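Contents: one structure, followed by commentary.
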Amino acid sequence: MDLNPAQRDAVTTPSGPLLVLAGAGTGKTRVVTYRIAELIRRRVRPARILAVTFTNKAADEMRERALALIGRKLRARPEISTFHSLCVRVLRRHARRLGYPDAFAIYDRGDQEGVARGALREIRAGDGLLRPGELIWRIGRWKTASVRPDRAAATAHTDKDHLAAAAYRRYQNTLRTQGAVDFDDLLLLTEELLQGFPEILEAEAGRFDHLLVDEYQDTNAVQYRIVKALAAGHRNLCVVGDDDQSIYGWRGAEVAHILRFKRDWPEAKVVRLETNYRSTREILAWANRLIAFNKLRHDKRLRCARRGDKPRILQCENEAEEAKAVVGEIAERVRARKRKPRDFAILCRTNEQPRAFETELRQAELPYVLVGGMSFYDRKEVRDLMAYLKLLAKPRDEAALLRVINTPARGIGQTTVQKLTETAVGAGKPVWDVLGRAGRMGGVPDAAREGIRRLRELITRYREQSKHVPLAKLVRGLVEELGYRDELARIYRNPDDRDARLAAVDELLASVGAYAERTPRPTVGGFLQQVALSTMDDDRDKEAKLQRNAVVLMTLHAAKGLEFPEVYMVGMEEGLLPHHRAVSEGGGAVDEERRLCYVGVTRARQRLTLSLALSRQKWGKARPTQPSRFLYELTGQADNPNYLAAIGKRARTGPTKAGGAAQRRASSGRR
DNA sequence: GACTCGAGTCCCGCC
DNA sequence: GACTCGAGTC
């Protein structure tokens with residue numbers, strides 16, 4: 001084993017609780033994978049080992065590395081999955097006990113918005129006091145704190161809180177009647193099962209003898225309790241984490257869990273990893289300097305050996321120029337055969353940033369993969385078709401039905417929809433169940449009546465067909481019969497726009513086809529669940545994806561746990577990193593942004609470039625930007641008046657004309 | 001009921 | 001810029 005003494009210590013520590021405190025690039029994931037291999041060597045059955053990660057990408061990588069170590073021939077494999085996938089599997093087995101159907105639906109952000117909108121309408125809060133987005137955010141906060149709908153009102157202080165609490169109750173009722181759960185529910189319901197049913201806890205905890213948790217600093221309270229419940233019996237719990245990389249505070253992660261570990265597991269062994277093998281000394285110097293600005297942290301300084309180039313700062317006129325410059329550089333280095341496309345990562349703060357880079361990458365004919373960012377499934381046309389698929393799986397899916405009840409237009413207007421909804425609410429039934437009565441309802445125009453009949457007939461017929469017609473063929477036929485392509489062509493007159501939307505329809509059809517091909521018994525419901533979790537549980541698919549020699553484009557959050565020879569961190573501006581929401585929130589929010597920046601910087605092995613645009617489009621207007629405060633911190637310019645201005649302290653010296661220009665040059669790096 | 005137009009709002013990140 | 005909502009018109 002080519003491990004250093006500390007790593008070896010962590011890997012070979014006998015069973016029992018183990019806490020690995022590790023800095024960035026010290027081989028955390030390596031320790032987990034080697035430990036899995038070591039356990040198997042010690043005759044632990046692979047299937048009795050469970051390793052949990054936070055992102056799909058991290059799970060993919062870990063699975064890949066573990067298989068490389070233990071050999072692909074093993075029939076039984078260790079289970080390596082994200083928290084949420086793990087919970088889905090537990091829930092699939094026991095959801096009935098909580099009154100949910102086996103084939104519960106998982107609602108994503110878009111679905112949630114539909115439900116939230118309905119809930120707000122029901123309590124007549126449509127005057128804008130509380131909008132769907134904010135409601136979802138508030139519900140998320142309640143859920144991560146395990147506050148149930150009936151208890152939420154007790155925590156309310158303002159009118160808005162009470163309104164949100166009432167909407168939360170409606171929201172949760174809607175989910176329940178639709179047999180659906182949101183992402184937070186996946187965790188909450190799993191915990192409920194484990195706490196409330198001893199036999200379920202016994203069965204689920206009994207599936208594994210060893211539990212390993214990567215990125216432990218990012219567990220929230222619910223995840224923490226699930227881990228505890230699963231490991232309490234065998235106590236073979238190995239957690240690995242770094243407080244400097246805690247970047248999920250916004251969804252309830254608490255660094256405290258990592259500190260509390262020793263108290264909950266008193267016999268736990270603690271191993272520290274402090275030698276960084278990933279990055280050059282120069283990159284690490286910047287990272288260390290940056291993270292030192294956070295006050296609340298365990299002071300640690302990463303040691304390292306390798307030397308390399310100093311990181312660079314690239315200053316561009318606007319975001320288009322930024323994309324051009326970055327992609328141009330990558331293309332040049334690939335052409336000069338210095339690097340392969342897969343050696344590069346472009347890291348962004350938000351999901352909106354990649355667009356400009358995608359355009360450039362396509363133009364440069366560089367292969368790329370966009371990791372995460374549900375953007376494809378956020379598209380209107382994709383959501384429409386997905387809604388139809390949801391109706392096929394479950395006609396009582398209210399959100400889906402209301403979305404497409406008149407798409408493509410079939411004469412069912414708002415008044416009719418309202419009438420239907422009222423009748424349904426009055427009868428305590430889902431809208432689908434009262435569609436049959438529409439013929440007898442007063443005040444429904446003939447056209448609407450006919451439209452309702454056609455829709456009902458269409459869904460019923462395709463549901464029937466779904467029992468024997470192959471999935472891909474079924475969906476193709478549905479799109480055809482809906483005349484959805486024609487509808488798109490009618491609405492979007494602009495050819496580029498139209499083609500892009502038609503292409504998205506084709507892409508969706510292709511992904512249904514791919515799913516059907518690799519799944520033994522493909523179903524509409526199965527496809528929907530997979531999309532909701534955006535997991536592709538097929539090894540072939542995964543290997544193909546990882547081997548694809550492509551530039552990786554993703555958010556900083558998604559990049560955690562990964563590494564690349566060359567990293568471009570783009571959009572290094574106030575408002576983006578740190579994000580303006582974090583800045584206005586105050587408190588520890590900016591510290592978390594700093595950790596996020598730290599995570600990005602430490603992804604780079606040899607070459608790091610930070611870029612910024614002097615002006616950036618926001619909401620349709622180009623606006624001037626200000627360099628990120630982190631650029632000053634990274635480069636040791638905390639005494640720069642521009643920095644003090646950025647962090648809101650009064651500059652000690654007012655910038656003069658000449659001085660301003662000089663500082664601008666200084667802030668863009670010296671090289 | 002369908003369509004157009006203007007006003008107002010908006011999204012941070014992941015599963 | 002993109003989207004939704006409401007008002008107004010056909």
Side-chain angles (χ1 to χ4, degrees), chain A residues 52-59 81-88 106-110 112-113 117 121 126-128 131-134 136-137 140 143-144 181-187 190 215 218-220 222-223 246-253 347-353 355 371-375 378-380 383 406 408-418 443-451 490-491 497 529-535 554-561 571 575-585 589 592-593 595-596 599-600 617-622:
Chain A
V52 181
T53 64
F54 278 77
T55 62
N56 284 311
K57 184 88 179 160
S81 70
T82 62
F83 250 111
H84 286 77
S85 304
L86 172 71
C87 290
V88 169
I106 303 168
Y107 279 10
D108 66 14
R109 173 65 197 228
Q112 284 180 285
E113 237 170 73
R117 195 162 277 139
R121 243 198 310 267
D127 55 354
R131 329 192 105 263
E134 188 180 349
I136 293 168
W137 178 76
K143 287 193 175 181
T144 35
V181 302
D182 61 23
F183 282 105
D184 295 320
D185 288 340
L186 289 175
L187 299 172
T190 300
E215 310 288 4
D218 285 327
T219 47
N220 66 29
V222 183
Q223 290 165 324
S246 169
I247 54 176
Y248 283 95
W250 50 275
R251 59 165 209 205
L347 306 182
C348 313
R349 175 64 178 88
T350 70
N351 274 317
E352 169 203 26
Q353 287 168 269
R355 281 193 197 173
V371 176
M374 290 276 290
S375 57
D378 282 341
R379 308 183 63 136
K380 173 197 170 333
R383 293 202 73 86
N406 200 33
R410 48 172 76 85
I412 310 172
Q414 278 173 14
T415 320
T416 306
V417 170
Q418 202 174 343
V444 178
D446 288 346
R449 232 179 281 258
E450 174 59 13
R490 191 179 66 84
I491 301 175
D497 200 3
Q529 269 202 0
Q530 188 200 268
V531 168
L533 287 167
S534 55
T535 62
M554 61 178 150
T555 64
L556 289 163
H557 282 91
K560 192 180 58 158
L576 261 181
L577 188 68
H579 196 272
H580 66 88
R581 294 233 168 184
V583 175
S584 55
E585 220 171 286
E592 184 154 311
E593 296 289 305
R595 289 193 292 269
L596 197 50
V599 165
Q617 293 259 342
K618 195 175 181 195
W619 294 335
K621 273 206 196 82

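Predicted model only: the values in this text are computed from it and were never measured. Chain naming here is simple, since letters A, B, ... match the order of the sequence lines and numbering starts at 1 in each. All values below were derived from every heavy atom in this structure, side-chain atoms included, with hydrogens, water molecules and symmetry-related copies excluded.
Nearest nucleotide to the side chain of A/E585, out of B/dC15, B/dC12, B/dC14: B/dC12. Between B/dC14, B/dC11, B/dG1, one nucleotide has an atom nearer to the side chain of A/R581 than all others, and that is B/dC11. When distances are taken from the side chain of A/A409 to each of B/dA2, B/dC12, B/dC15, the shortest belongs to B/dA2. Side-chain proximity of A/T555 to the nucleotides B/dC10, B/dC15, B/dC14 is greatest for B/dC14. Distances were taken from every side-chain heavy atom of A/T350 (C-beta onward) to each of C/dG1, B/dC12, B/dC15; the shortest belongs to B/dC12. Listed nucleotides: B/dG13, B/dA2, C/dG1. Nearest to the side chain of A/N351: B/dG13. Picking from B/dC14, B/dC12, B/dC15 the nucleotide with the shortest atom distance to the side chain of A/H84 gives B/dC15.
Heavy-atom neighbours of A/E352 CD from other residues, nucleotides or ligands within 6.0 Å: at or below the threshold of 12.
Between A/H557 and A/Y248 the shortest heavy-atom distance is O-OH, 3.5 Å. The two residues A/G133 and A/R109 make their nearest non-hydrogen contact at CA-NH2, 3.6 Å.
Nucleotides of DNA chain B nearest to A/F54 and A/A582 differ in position, and the one nearer the 5' end is that of A/A582. Both A/I412 and A/W250 sit near DNA chain B, but only A/I412 has its closest nucleotide nearer the 5' end.
Centroid-to-centroid, the aromatic rings of A/H579 and A/W250 stay 6.0 Å apart or farther.
What separates CD of A/Q223 from P of B/dC14 is a distance of 15 Å, to the nearest Å. Between the P atom of B/dC15 and the CG atom of A/D182 lies a distance of 16 Å, rounded to the nearest Å. For the pair A/D184 CG and B/dG13 P, the computed distance is 16 Å after rounding to whole Å. In this structure, A/H579 atom NE2 and B/dC12 atom P are separated by 4 Å, rounded to whole Å. When rounded to the nearest whole Å, the span between CD of A/E593 and P of B/dG13 equals 11 Å. Atom CZ in A/R595 sits roughly 14 Å away from atom C1' in B/dG13 (whole-Å rounding). For the pair A/W137 CH2 and B/dC10 C1', the computed distance is 16 Å after rounding to whole Å. In this structure, CG of A/L187 is placed 11 Å from C1' of B/dC14, rounded to the nearest angstrom.
Of the charged side-chain nitrogens involved, none lies within less than 4.0 Å of a carboxylate oxygen, so that A/D184 and A/R251 do not count as a salt-bridged pair. Ionic pairing of A/E593 and A/R349 is present here: one or more N-O contacts between side-chain nitrogen and carboxylate oxygen are shorter than 4.0 angstrom.
If you check every strand for non-hydrogen atoms under 4.0 Å, A/N406 touches sugar and phosphate atoms only.
One N or O donor and one acceptor, one from the side chain of A/R251 and one from the base of B/dC14, sit under 3.5 Å apart.
Between A/R131 and the phosphate of B/dG8, there is no side-chain N or O to OP1/OP2 separation shorter than 4.0 Å. At least one side-chain nitrogen or oxygen of A/H580 sits closer than 4.0 Å to the OP1 or OP2 atom of B/dC12. Close to B/dC14, at under 4.0 Å from its OP1 or OP2, lies no side-chain N or O of A/N220. Note on A/S85: every side-chain N or O is 4.0 Å or more away from OP1 and OP2 of B/dC15.
By the criterion of a centre-to-centre distance under 5.5 Å and near-parallel planes under 30°, the ring of A/Y248 forms no stack with the base of B/dC14.
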